[in-house]
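Whatever order the structure lists ligands and atoms in, that order sets their numbers, starting from 1. Just the heavy atoms: all of them, side chains too, but no hydrogens, waters or symmetry mates, feed the values below.
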Amino acid sequence: MKVTICVGSTCHLLGSRTVVERFKALVEEHQLQDRVELSGKFCMGKCGEGVCVTIDDVTHIIQKEEAEEFFNREILAKAV
Ligand code: FES
């Protein structure tokens, strides 16, 4: 599973660093290193409402506060 987090300037201001840190920690915690490939990418062209995250090319817009809940629902649940 390929998870890409936007680190462009708007997403950065909306907390993409927090999302990256959270996702990294959760991947380690659940030992998903072999199943989840995390990467960053500059502006994905959907700035504004939250942090842009793509999972296998499907785009999601999330708030930094919901990073863990999103991870559990969209990544953990599908990666195991
Ligand atoms: S800065 Fe993230 S979509 Fe533009």
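- Near Met44, meaning under 4.0 Å from any of its heavy atoms, are these atoms of ligand 1: 3 (S), 4 (Fe).
- The Lys46 neighbourhood of ligand 1 comprises atoms 3 (S), with distances under 4.0 Å to a heavy atom of that residue.
- Atom 2 (Fe) of ligand 1 has Cys6 among its coordinating residues (N/O/S atom, backbone or side chain, under 2.8 Å).
- The two atoms that bring Ala67 and Ile62 nearest to each other are CA-CD1, 4.2 Å, heavy atoms only.
- Contact annotation: Cys52 places no N, O or S atom under 2.8 Å from atom 2 (Fe) of ligand 1.
- Taken together through direct or relayed side-chain contacts under 4.5 Å among Ile, Leu, Val, Met, Phe, Trp and Tyr, Leu13 and Val53 form parts of separate hydrophobic clusters.
- Atom 4 (Fe) of ligand 1 has Cys43 among its coordinating residues (N/O/S atom, backbone or side chain, under 2.8 Å).
- Surrounding CD of Glu49 are at most 12 heavy atoms belonging to other residues, nucleotides or ligands under 6.0 Å away.
- You'll find the side chain of Thr59 stays beyond 4.5 Å of the side chain of Met44, heavy atoms only.
- Taking every heavy atom of Cys47 and a limit of under 4.0 angstrom, the matching atoms of ligand 1 come to 1 (S), 3 (S), 4 (Fe).
- For Lys24 and Glu28, the salt-bridge test fails: no basic side-chain N is under 4.0 Å from an acidic carboxylate O.
- Numbered from 1 in the order shown, with element, the atoms of ligand 1 that lie under 4.0 Å from a heavy atom of Thr10 read 1 (S).
- Atoms CG and CZ, on Leu26 and Phe70 in that order, are 12.0 Å from each other to the nearest 0.5 Å.
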